[in-house]
Amino acid sequence: VQLQASGGGLVQAGGFLRLSCAASGRTFSNYDMGWFRQAPGKEREFVVVISWSTGRTFYADSVKGRFTISRDNAKSTVYLQMNSLKPEDTAVYYCAARPRSSRRPGEYDYWGQGTQVTVSS
């Protein structure tokens, strides 16, 4: 499985961005997709995950109500709509895939290359 993340950039606080993660390779109905982020000097943290089979989602409390994950099965792409961005959302954002949803980055089998999101105050 190859994952290609895109859509990061520089935005002012209160603004929005939409990240995309395009997948190729194996059948995506077998994988749940997660987004994680890592700020400088910090550990990689869970943001959100979506089940490909059920569409069920789990969000980190820090982004609940502001971020929305969605998927397009036909395009094998998952999106992360990020609204009301805050400076503390600044990080490199990674998409990842594994057969079953998890909030633990160490349990994911496949990772995208990451896309930088910077939110200025």
Minimum side-chain heavy-atom gap [X]-[Y] below 4.5 Å:
{"X": "Thr115", "Y": "Ser6", "result": "no"}
{"X": "Ile69", "Y": "Trp35", "result": "yes"}
{"X": "Tyr79", "Y": "Asp72", "result": "yes"}
{"X": "Tyr108", "Y": "Ser102", "result": "yes"}
{"X": "Lys64", "Y": "Val48", "result": "no"}

Next item on the list: Could you point out which residue of Leu19, Leu85, Asn83 forms a side chain to side chain contact (heavy atoms under 4.5 Å, CB included) with Phe67?
Entry: Leu85
Next item on the list: I would like to know whether Thr68 and Gln81 meet side-chain hydrogen bond (donor to acceptor under 3.5 Å, both in side chains); could you show each step before the answer?
Entry: CA-CA 5 Å; Thr68 303; Gln81 179 68 42; over 6 Å; no
If you look at every heavy atom in [X] and [Y], which pair is closest and at what distance?
{"X": "Lys42", "Y": "Gln38", "result": "O-NE2, 3.1 Å"}
{"X": "Thr90", "Y": "Ala39", "result": "O-CB, 3.7 Å"}
{"X": "Asp109", "Y": "Pro99", "result": "OD2-CD, 3.2 Å"}
{"X": "Ser101", "Y": "Val49", "result": "OG-CG2, 3.7 Å"}
{"X": "Val92", "Y": "Gly114", "result": "CG1-CA, 3.8 Å"}
{"X": "Ala91", "Y": "Gln116", "result": "O-NE2, 3.4 Å"}

Notebook entry, point to check: With a distance cut-off below 6.0 Å to the six-membered ring centre and an angular limit of 45° from the axis, does Arg37 pair with Tyr94 as a cation-pi contact?
Noted result: no
Margin query: Show, in sequence, the C-alpha distance, side-chain angles and deciding distance for Val1 and Leu3, and conclude whether the side-chain contact (heavy atoms from CB on, under 4.5 Å) test is met.
Written below: CA-CA 7 Å; Val1 173; Leu3 303 176; 3.8 Å; yes
Next item on the list: For the pair Asp89 and Arg66, evaluate side-chain contact (heavy atoms from CB on, under 4.5 Å) and give the outcome as yes or no after the intermediate values.
Entry: CA-CA 11 Å; Asp89 294 319; Arg66 300 188 298 123; 2.7 Å; yes
When rounded to the nearest 0.5 angstrom, what is the spacing between [atom1] in [X] and [atom2] in [Y]?
{"X": "Asn30", "Y": "Ser53", "atom1": "CG", "atom2": "OG", "result": "9.5 Å"}
{"X": "Ser24", "Y": "Gln4", "atom1": "OG", "atom2": "CD", "result": "8.5 Å"}
{"X": "Cys95", "Y": "Tyr110", "atom1": "SG", "atom2": "OH", "result": "14.0 Å"}
{"X": "Met33", "Y": "Thr77", "atom1": "CE", "atom2": "OG1", "result": "8.5 Å"}
{"X": "Asp32", "Y": "Thr57", "atom1": "CG", "atom2": "OG1", "result": "11.0 Å"}

Check: Can the ring centroids of Phe58 and Phe46 be said to lie less than 6.0 angstrom from one another?
Finding: no
Checklist line | Proximity of Trp111 and Phe36 rings by center, below 6.0 Å | finding: yes
Item checked: Under 3.5 Å: donor-acceptor pair, side chain of Arg98, backbone of Arg100 -> yes
Next item on the list: Might you work through the side-chain contact (heavy atoms from CB on, under 4.5 Å) test for Thr118 and Val11, ending with a clear yes or no?
Entry: CA-CA 6 Å; Thr118 303; Val11 64; over 6 Å; no
